[in-house]
Each structure stands twice: as structure tokens, then as C-alpha cells.
*Asks:* 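The structure under discussion is supplied below as C-alpha cells; questions concerning it will follow.
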Amino acid sequence: MANHRFSPVSEGEQPCCDISRKAQICLCVVLSLLVLVIIAVVTAILMWPRSPPNHKEWQGSGTTAHFGDIVLGRCYTYTQIVRPELRDKDCQKIQEVFLKSFLSKDPCDATEQDYQPLIELANQTVPCNKTVFWSKTKELAHQYTRVQQALFTLENTLLGYIADDLSWCGDSGSSEINYQSCPTRRDNCSSNPVSVFWNTVSKRFAEDACGVVHVVLNGSLNEAFDRRSTFGRVEIHNLHPKKVHTLQAWVMHDIGGVRSDSCSSSSIRDLKSIISERNITFTCQNNYRPVRFLQCVKNPEHPSCTSGI
Amino acid sequence: MFQLSPGTEAERGRKRARVVSGRQSCPLSAGRSHFSARRSSESRRPSEVPAMSARGCKPSRLLLPALLLLLLWLPRLAVDAAGAAGARWNGEGTSPNLQSIFLGRCNDYRPLLSPEEQNKNCTAIWEAFKLVLDKDPCSVLPSDYDLFISLSRHSLPRDKSLFWENNHLLVTSYADNTRRFTPLCDVLYGRVGDFLSWCRQENASGLDYQSCPTAEDCENNPVDSYWKRASIQYSKDSSGVIHVMLNGSEPTGAYPIKGFFADFEIPYFQKDKITRIEIWVMHEIGGPNVESCGEGSVKVLEERLEEMGFQYSCINDYVPVKLLKCVDHSTHPDCALNSHPVPLPRGNHYFWFVVYRSCKIPFSKTHCT
């Protein structure tokens, strides 16, 4: 009379331990849970560095990818090829100090002091009469200095060259670069690392200028001179009257664009009064010819490029 | 051996620099051209002229006179020519911090790539490039850069290719960092090597920072082979309208019969991808008009293209580029804005001659576009 008990053993099968079926099920469940927990822990560990909880989410795009490599490469290119007279600059140190100026700091509380060591390290003398400021005319001003290579916009100096078009920020809770996002004014964060950097280096650029300085302004805007621009807020107020004797403004109109502002308009008169008050001579030219030619490259057929201006 | 007709002035020498010396003439296009760098490379040119004119001489015989000239001509040359007295080769030594510059430029180029190509791995590209740094500096072939090219190549925008000879600064300025055109130096595999020099030591591993071979030393040197390979790829990947900018004030001719364009670019034009070729022969403002469309070496080029079955046109002093030249000569009569020549294109489909039309005739109706 067979008392039908499961005879677990058949040929080739490993005899299991001598436990009941119920116990086996329990064991399987426990083991599965254990495996799941291990997977969860491992995943968490692997995922951790990628989205550190300390990095806040901001409105602006994050630090430029490979920021450190780009900074280092640009520094070497500038000091070895663009201006080899600066070949003794220590680019490794400059990169290090640049990173230190914003890493592990609150990106809404950047200060001028943060950038002082970097500015000292990258210090550079721009020759007199060669400084070119720009306001709302970045592309045009750079096209001009690319042709007239003796002239310098801020982006033709070492620091400006290194940082142009890059963005960067860190976080006070971490020593990592924040590649996800960076604060902008939309985050109510005007003291963000990038804005403060440009304010600081612009100030220095203006302080170091001497002789005749120039500014390229956009006369097709409502206000060619904007008091809230970096030029209006920072640069003109940091020109040294003992060093800079003349500011020459070139008010350029877009080819085929409106002539809303010109040397005789109110915003330029405003600029003139600020400059004159600082005992600096102000001169102004509409559509300064060499820069005009640059504009004409894109519109060679336009009457103002073919008929006399 | 790759021979170019002897160049005389700086522009020619700078283009030839791609072939004969470690210094690149390919314009640096981060919007920041480098006057002093070109000046120092410029100052090297005179030393190469006597060397080149002594055709057929063995490199070892050229070395001593070349070095003496280097020491005699300008003190700066002696300073710039690193260790001139003991230099093995004619060209500049390996650029310091080569890897950092390379990686920086590669990563910097990323925003200029199309979205689907932005995942390029700059470290891998460097590793591929680096392979030639293990090779004997006179045994580097263009094909040694195949892996580097395959990793760094990317699509070129149609109608934006700009080939050139002897007008380096103009090309950089006009191209405007790919905004207007994309010459070779505004392509990733041209950008990373721009103005750099590299080579292994002759009898040891490790880079030679003192000097590197030029074409005068040996044909298969790392830098020339790089530019040959890059030029070939650039040519193969170009499509649509092809533009060529030549210097009609160059005493030795606007189109070098033997040169990068002639030997490593034209032969690789893809007929099925190219619609037509537009040649611009630019002249210096107020400068000598040595050659124009349909003359001299330009005619040779036109005939060659015709023979190859390409539709071409040729324009003297293409206006947009001339306007750019005028930035530096704004008061010159040739730059008076109301007297622009209206260059009518000359080509194999229509034979119009360039007519200089002046609007300075008093009382004339303006018909000057």
C-alpha cells in the first residue's frame, strides 16, 4: 500500500536537503528578497555619483562638457600660439585656480574675491590705444579684431579667450562640477559664477586700459548705449582718467536696418556726459568705415555698400 | 619628394608650411588668429627659399646652409628656432603640451558638430592620433592617420567647402569660424592639428621637442602626412558648390601646379557629389595684378577642371571677400564704396569678361550693384 509520498529522488537529481516543501518555498522567497535588496543597493551605489542629491536644479544649462580640458587647451593655445609672449604662464595652475574659484561654493553667492587669484595669475598688459569695448555687437567686434590683430576685445585677452562662451558652476555641498544645470538671473541668482566672472574681468580690463579706447555700439537698437549693459554698468565706470584720455565710440547701423540711434541721439549724449564727467574726451563716429566694410561682407549688393556713405 | 615651386613671400611660405615645415599654415579658427605666431613662422620662410631652390640636393647638404641662414638672418630666428645649433631637422619641434591642446580643441569643437555627431570621444581620437608618435619621424604615411580620421570625421555642410592657396588670414577671417564657410581648419580633423608640430625622436621613443622633419628632410614626416591625409578626406567629404580662393597677387602664380590643392585635393573631388566649382582670384588692394581669371596658372586650373568634367566659374576679386580686405585699407581708392568692380563670372558655360564699372562718372545714373 503506497503511502504516496513524494519520492524526491530520481536519477541524476541532487538530493535536496531534508526539509519540507513549505520550508523550501519560504527559503526561495527569502533568497529572492535578499537578491532584490542586493540589486537595489548596488544600483543605488552605481547611480549615486551620477545624480548627487546635493546638486540643485537650476534654469540655465550646466557646466560646459569637458570644461577642464577646454580651459587647459585654450590656455596653452593662447600662450603658445596666439600670444607667445605669454608662454611662461602656468596653464596647469591657471586651470586649477579657475576650478577652485567656483567649486565647493554656493553658485548664487559668487564674489569678485573668488576670482582674484585667477586674475592675478592670468594678468596681462594690453598695449595702449588697443582696447576695444563692445556692447550688443559681440560678433562684429570680434570680426574686427580678427582682421586687426593688434586690437584687443576682452575675449582677445587670455582670460576672456579661455572663458568665452563657456558656462560653469559648482555647489556648496559638493566638490564636483555641476554639469546638469547652472543658475541664471531667472533663478533670482544674479551673483552666479559666470556673471560675476565677466563683471570682474571686465572691470579689470577697463582699469588696465590706457590711451585711446574704442567701443562698438549698435545703432539699430533702441538704445545704442545701455546703462544696464556690462559696458554701461562696469566698464565705463572703471576707466582711469589718468590713463585713458579718449573714448571713441563707433555707432554702427545694421545694413538695411533701422537707424534708431546715432551719435546725436540721447543715449549717446548720455554716454558722452558720463565720460566727460570723468574728464575723458568723448568722440563719436557713425558707421566707422573699416567696421562698415565688415558688415558689407554679408550684404555686398546693398546700396549702402555700393554707394558712398 | 614632394616639391613645390619656391615661394618667396610670407603667404606662400605659410601655405607651403603645411608641406615643408612643422608649422601649420592652416588658420586657427577659434576666432583668434595669431599674428605673432604667424610672424614667427613667417620669419622661418626665408631660410627655406634657398633650400627649396637647391632642388635635388640631399637633405644633409641643405641642413648646414639652412642653419647658417637661420643664425645670420634675424636674431629672432635664432631664438625661435629651438636649439638651432643642434637641431636635427629643419622644422619646429613638437609643440609643448600637445595632448592638452589637442584635447582642448577637440572638446571645444563639439558645439559645432551636428547633434547626432556630438558624442565623439576626444580621448579615443587622441589615442588614434598618438599612434604616429611611436613611429620613426621619416616613416609616417598619410595612411597612418586612417584610424584618427575615421574617428574624427564628420559631415560637412553642403556648399560650404572652401579650398585655398596663399591667403591664409583672409580665409580665416572670411570663414568666420564656420559661420560663412568651412575650410579645412574649421573641420574637426583640421582644427586639432592647426599650427601644431609633432614627431618622435629619430633614434629613441619620446617626442622630439627640438625639431621635426619637413619635406626637405623627408617626405614621410608626421606633419605633412597629416595634412595630406586631412586634405584628402576634406576633399572626399565636400559636396555641392566648391569654392576655391586663390591669390592673384602671388608672384609665382595664383594656382601652384604642385601643391596641396593640386595634388591632395583636386584629385579627390567626388564628381557625383559636386555640382560646380567657383574660383575666386583675389588681388591685394592696390597690389600687383599678377594673374586673373583665364590667365597663367589660373588658366591651367580651369583647363584641368574642364578636363575632369567639372562645371566651373571664375570671379576676379569676389566682392564679399574684397570688402573684407578693405577693412584694412578703408581709405584706398580701390575701396571707395561707390566704385566697386562688378565681377561677372567667367566660366566654361559663359565667357563674360570682368568689367570694372565705376560709378564715379559724374552725372551718371547709378547702375552699380
Side-chain angles (χ1 to χ4, degrees), chain A residues 64-87 91-92 95 138-139 142-150 153 155-157 160-162 164-166 288-309, chain B residues 24 28 30-40 80 95-108 110-111 118 122-123 169-170 172-174 176-177 179-180 194-196 318-331 335-340 342 359 366 368-369:
Chain A
T64 308
H66 304 276
F67 178 79
D69 284 342
I70 292 176
V71 163
L72 192 60
R74 285 185 181 186
C75 183
Y76 283 129
T77 295
Y78 189 91
T79 56
Q80 286 175 201
I81 300 173
V82 182
R83 305 270 169 197
E85 61 268 24
L86 294 182
R87 69 172 74 81
C91 284
Q92 201 72 48
Q95 184 215 45
K138 181 177 179 180
E139 208 178 290
H142 288 165
Q143 283 172 355
Y144 187 53
T145 56
R146 189 182 295 134
V147 176
Q148 295 285 17
Q149 293 178 330
T153 61
E155 295 74 23
N156 297 119
T157 64
Y161 183 90
I162 287 176
D164 196 18
D165 289 333
L166 301 182
Y288 176 60
R289 207 175 158 81
V291 180
R292 185 54 149 191
F293 278 112
L294 276 171
Q295 293 177 302
C296 284
V297 174
K298 254 192 271 197
N299 297 277
E301 314 271 297
H302 194 272
S304 53
C305 294
T306 55
S307 53
I309 18 171
Chain B
Q24 292 324 303
L28 181 65
R32 297 120 192 158
S33 302
H34 24 282
F35 193 71
S36 359
R38 269 196 302 281
R39 244 210 305 256
S40 64
D80 282 345
S95 306
N97 306 297
L98 177 69
Q99 180 175 353
S100 296
I101 295 178
F102 188 104
L103 285 174
R105 285 176 175 179
C106 180
N107 283 305
D108 220 346
R110 210 180 293 274
Q118 287 204 4
C122 287
T123 309
L169 173 61
L170 198 51
T172 326
S173 303
Y174 189 59
D176 199 7
N177 198 30
R179 276 193 202 98
R180 291 192 196 104
D194 195 15
F195 271 97
L196 301 179
Y318 179 58
V319 175
V321 179
K322 178 175 173 178
L323 286 163
L324 192 55
K325 284 173 102 56
C326 282
V327 175
D328 247 336
H329 300 91
S330 53
T331 51
C335 288
L337 275 176
N338 58 356
S339 63
H340 265 335
V342 183
C359 309
T366 15
C368 301
T369 42

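Values in this document were obtained by computation on a predicted structure and should not be read as measured data. Residue numbers start from 1 in every chain, and the chains themselves are labelled A, B, ... in the order their sequence lines are given, proteins ahead of strands.
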*Asks:* Just give me the residue among Leu103(B), Thr331(B), Leu324(B) that pairs up with chain A most often, heavy atom to heavy atom, under 4.5 Å.
*Replies:*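 The answer is Leu324(B).
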*Asks:* Please rank His329(B), Arg179(B), Gln99(B) by heavy-atom pairs under 4.5 Å with chain A and give me the top one.
*Replies:*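 Heavy-atom pairs under 4.5 Å are most numerous for Arg179(B).
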*Asks:* Which atoms of Phe102(B) are under 4.5 Å from chain A, going by heavy atoms: the side chain, the backbone, both sets, or neither?
*Replies:*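 The answer is neither part of Phe102(B).
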*Asks:* Using heavy-atom distances under 4.5 Å, tell me whether Pro96(B) contacts chain A through its side chain, its backbone, both, or neither.
*Replies:*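 For Pro96(B), the contact with chain A is made by backbone and side chain together.
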*Asks:* I need the single residue from Lys325(B), Lys322(B), Arg180(B) that forms a side chain to side chain contact (heavy atoms under 4.5 Å, CB included) with Val297(A). Which is it?
*Replies:*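 Exactly one option meets the side chain to side chain contact (heavy atoms under 4.5 Å, CB included) with Val297(A), and it is Arg180(B).
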*Asks:* Are Gln295(A) and Arg292(A) close enough that a side-chain donor and a side-chain acceptor fall under 3.5 Å?
*Replies:*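 Per modelled atom types, Gln295(A) and Arg292(A) side chains form a pair under 3.5 Å.
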*Asks:* Using a 4.5 angstrom heavy-atom cutoff, name the option from Ile101(B), Asn97(B), Asp328(B) with the most pairs to chain A.
*Replies:*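 Heavy-atom pair counts peak at Asn97(B).
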*Asks:* Which heavy-atom pair separates Pro300(A) from Val319(B) by the least distance, and what is that distance?
*Replies:*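 So the minimum-distance heavy-atom pair works out to CB-CG1, 3.6 Å.
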*Asks:* Who pairs with Lys138(A) by salt bridge (charged side-chain N to carboxylate O under 4.0 Å, His left out), at least two apart in sequence or on another chain?
*Replies:*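 In terms of salt bridge (charged side-chain N to carboxylate O under 4.0 Å, His left out), with neighbours along the sequence ignored, Lys138(A) is linked to Asp164(A), Asp165(A).
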*Asks:* So for Phe67(A), is it side chain, backbone, both, or neither that comes closer than 4.5 Å to the heavy atoms of chain B?
*Replies:*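 Interface part for Phe67(A): neither.
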*Asks:* Can you list the residues that meet the side chain to side chain contact (heavy atoms under 4.5 Å, CB included) rule with Gln92(A), with sequence neighbours excluded?
*Replies:*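 With neighbours one apart ignored, the set is Leu72(A), Tyr76(A), Asp90(A), Gln95(A).
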